[in-house]
Amino acid sequence: MAEDPSSCIPYRYERTTTAALLHDQFSDLAAEEETEVRHSVAGRAMLVRSQGKIAFVTLVDSSGQVQLFARAATTAKFKEFTRLSLGDWIGANGKVVKTKRGELSILVEDWVMLAEARLPFGDKWRGITDVEIRYRQREVDLWANARSREILQSRSTIISETRRMLEEEGFVEVETPMLHPIAGGALARPFVTHHNALDMDLYLRIAPELYLKRLVVGGFEKVFEIGRVFRNEGISPRHNPEFTILELYQAYADYEDLMVSMESLVSTLARKLLGTTRIIYQGKEVDLEPPWRRATLEELVEESTGCAFTVDTPVTVMTEFLRDLGTVPESGWGSGKLLMEIYEKACEAHLWGPVIVKDFPVEVSPLARRHRDNQALVERFEVVIAGRELANAFSELVDPDDQRSRFEMQALRHANGDEEAMTVDEDYIHALEHGLPPTAGLGMGMDRLVMLLTDQPSIRDVIAFPTLRPQSRATE
RNA sequence: GCGCCUCUAGCUCAAUUUGGCAGAGCAUCGGACUCUUAAUCCGCAGGUUCGGGGUUCAAGUCCCCGGAGGCGCACCA
């Protein structure tokens, strides 16, 4: 039997405190004061300052950092201690003291190597900035750059707080299939995979929407799911092929109810995370304090273009206008799609928000219920913050016949080459025939919410392992 | 997919508008140092300047081809 080469590394280490706890408990210690309190800490040696017969190491753990103070006379394996590399994991034990300069420290008596960092970790002051390393070797980025850790920590907090708040409101968290026989619930190109035993193609889900509403049919009056969805589209600072979505459905409610829910959810998260609703995103202030501005899509289009376009505006007029904006409309686009395009081209990016944009054309909303006052529109709203769509919600379409004709319209487009269009989902229509009560539903991109609340310009910074082009052999 | 920009030591970056011996800080390695905070000081070592071709007496620098990445546009959340 070969000997375990890491036999000098212990299998466990019993630490008695963390960096943050030490600072909490011993902040009023005077400089040069030595306590009799003994503690064990563990973490990574980030800086080593060796000075002859004494040495200092800055130890970093997930809570923060604390200094280790070693003396040749009293510290075990002192010589080895002074030769620690940046990044080595160690456990150290000793009394809690403050140095002459007033730095809280563990006066190390005994310590043990927990893992060696064999590979270099970059500039100790500037960390790592090369995106190749930052994203491809995320473990290096995470410990070289404290901010990267903080962002992922915030992501975790945002998602768990969201979950907690929804549960408090009586929502039940559920899980629905990731593998769909029909990719539905959103307008997007899916990833295709194959099931061997059934010999059938399956699609990675582009949205959990249809299954969640089937659960409402089944009697779950308030459900939500926080999970990954997959869309086979380009990669950009705001798009990752897999991203995390929150979807929730509430029976007996309409889209007006969800506007209030959104305001409350997002502003509460901001207060929890940042202590304020007045946040800074990329140098500009956004005030998330409710109520948010509410305006219809048509109002906003008029505001930014000066033209009172509606779904009743002749197709030729809007086509002409879009051409002037530099967009070539496709032949199948009706007035609703054209209006939506004008909004997205001329309007959305300029809305700093938060703005609740409401009442969309029925043509671009195949799953939303018709507006109670205008049959050409649907009761749908999007939340726009910092020029980006953060959430999309509507009063759900509950009528199976209307749903079928909407699906058929989509299927026609799909047949004409629009790969993002839906196809007819008979199982879903069947479910609606069992009766979906009045229901409101919402989808929110959690990654974008994290970007907003952590002031990050790129979605890659809020995802631990973002999708990257495979590394080519040429660079290896 | 199209446009703009970037690539130099392990890391972070220099290398004059107008080509002239490829450098610094940190990290590594050797040494000094009993209160440091990116410790300091002395010393050693460290390079296919992304790859290939061209112009030139001379190319990191100029030109062409290719590669990798970033940003913007487009689709979406």
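Below, read A as the first sequence line, B as the second, and so on, with proteins coming before strands; counting in each chain starts at 1.
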Q: Between C1' on rA27(B) and CE on Met46(A), what's the gap in Å once rounded to a whole number?
A: 13 Å

Q: Can you list every pair that meets ring-ring contact (aromatic ring centres under 6.0 Å, His included) and has a residue in residues 50-103 of chain A, with sequence neighbours left out?
A: Phe56(A)-Phe69(A), Phe81(A)-Trp111(A)

Q: Rounded off to whole Å, could you give me the CD-to-P distance for the Glu34(A) and rC35(B) pair?
A: 14 Å

Q: Measuring only the P atom in each nucleotide, how far is rC50(B) from rC11(B)? A whole number of Å is fine.
A: 13 Å

Q: If you pin Val57(A) and Glu344(A) to their nearest nucleotides in RNA chain B, which one's is more 5'?
A: Val57(A)

Q: How about Glu225(A) and Thr176(A): does a side-chain donor come under 3.5 Å of a side-chain acceptor?
A: yes

Q: Considering only residues two or more places apart or on different chains, which pairs with a residue in residues 340-363 of chain A satisfy ring-ring contact (aromatic ring centres under 6.0 Å, His included)?
A: none

Q: Figure out the CZ/P separation between Phe56(A) and rU40(B), and round it to whole Å.
A: 14 Å

Q: For a quick check of understanding: with a heavy-atom distance under 4.0 Å over all strands, which category does Lys98(A) fall into, base, sugar-phosphate or nothing?
A: nothing

Q: Name the stems that RNA chain B belongs to, where each is three or more consecutive Watson-Crick or G-U pairs with both distances under 3.5 Å?
A: B:1-7 with B:67-73, B:10-13 with B:23-26, B:29-32 with B:40-43, B:50-54 with B:62-66

Q: From C-beta outward on Pro237(A), which listed nucleotide comes closest to its side chain: rC71(B), rU34(B), rC75(B)?
A: rC71(B)

Q: So does Arg231(A) have more than 12 non-hydrogen atoms from other groups sitting under 6.0 Å from CZ?
A: yes

Q: Which residue in the set Thr58(A), Thr82(A), Ile54(A) passes side chain to side chain contact (heavy atoms under 4.5 Å, CB included) when paired with Arg49(A)?
A: Thr58(A)

Q: Under 4.0 Å, counting only non-hydrogen atoms across every strand here, what does Asn232(A) touch: a base, just sugar-phosphate, or nothing?
A: nothing

Q: Please give, in whole Å, the distance from rA74(B) C1' to Glu348(A) CD?
A: 14 Å

Q: Counting neighbours of OH on Tyr203(A) that are heavy atoms of other residues, nucleotides or ligands and sit closer than 6.0 Å, is the number greater than 12?
A: no

Q: My understanding is that only residues two or more places apart in sequence, or in another chain, count here; which of them pass salt bridge (charged side-chain N to carboxylate O under 4.0 Å, His left out) with Glu80(A)?
A: none

Q: Against Met444(A), only a single residue in Ile245(A), Val383(A), Leu390(A) fulfils side chain to side chain contact (heavy atoms under 4.5 Å, CB included); can you say which?
A: Leu390(A)

Q: What string of B, S and - do you get for nucleotides 28-33 of chain B, 5' to 3', when a contact is any protein heavy atom under 4.0 Å?
A: --S--B

Q: Which nucleotide in the list rU37(B), rA74(B), rA39(B) gets nearest to the side chain of Leu47(A)?
A: rA39(B)

Q: Give the nucleotide from the list rU37(B), rU34(B), rG72(B) with an atom nearest to the side chain of Glu103(A).
A: rU37(B)

Q: If you look at every strand shown and take non-hydrogen atoms under 4.0 Å, does Gln67(A) touch a base, only sugar-phosphate, or nothing?
A: base

Q: What residues, two or more places apart in sequence or in another chain, satisfy side-chain hydrogen bond (donor to acceptor under 3.5 Å, both in side chains) together with Asp201(A)?
A: His194(A)

Q: Between rC73(B) and Arg238(A), is there an OP1 or OP2 to side-chain N/O distance shorter than 4.0 Å?
A: yes

Q: Just call it for Glu341(A): base, sugar-phosphate, or nothing, with non-hydrogen atoms closer than 4.0 Å on any strand.
A: sugar-phosphate

Q: Which is true for Arg71(A) with a 4.0 Å heavy-atom rule: it touches a base, it touches only sugar-phosphate, or it touches nothing?
A: base

Q: Using whole Å, what does the distance between atom P of nucleotide rC75(B) and atom NZ of Lys337(A) come to?
A: 8 Å

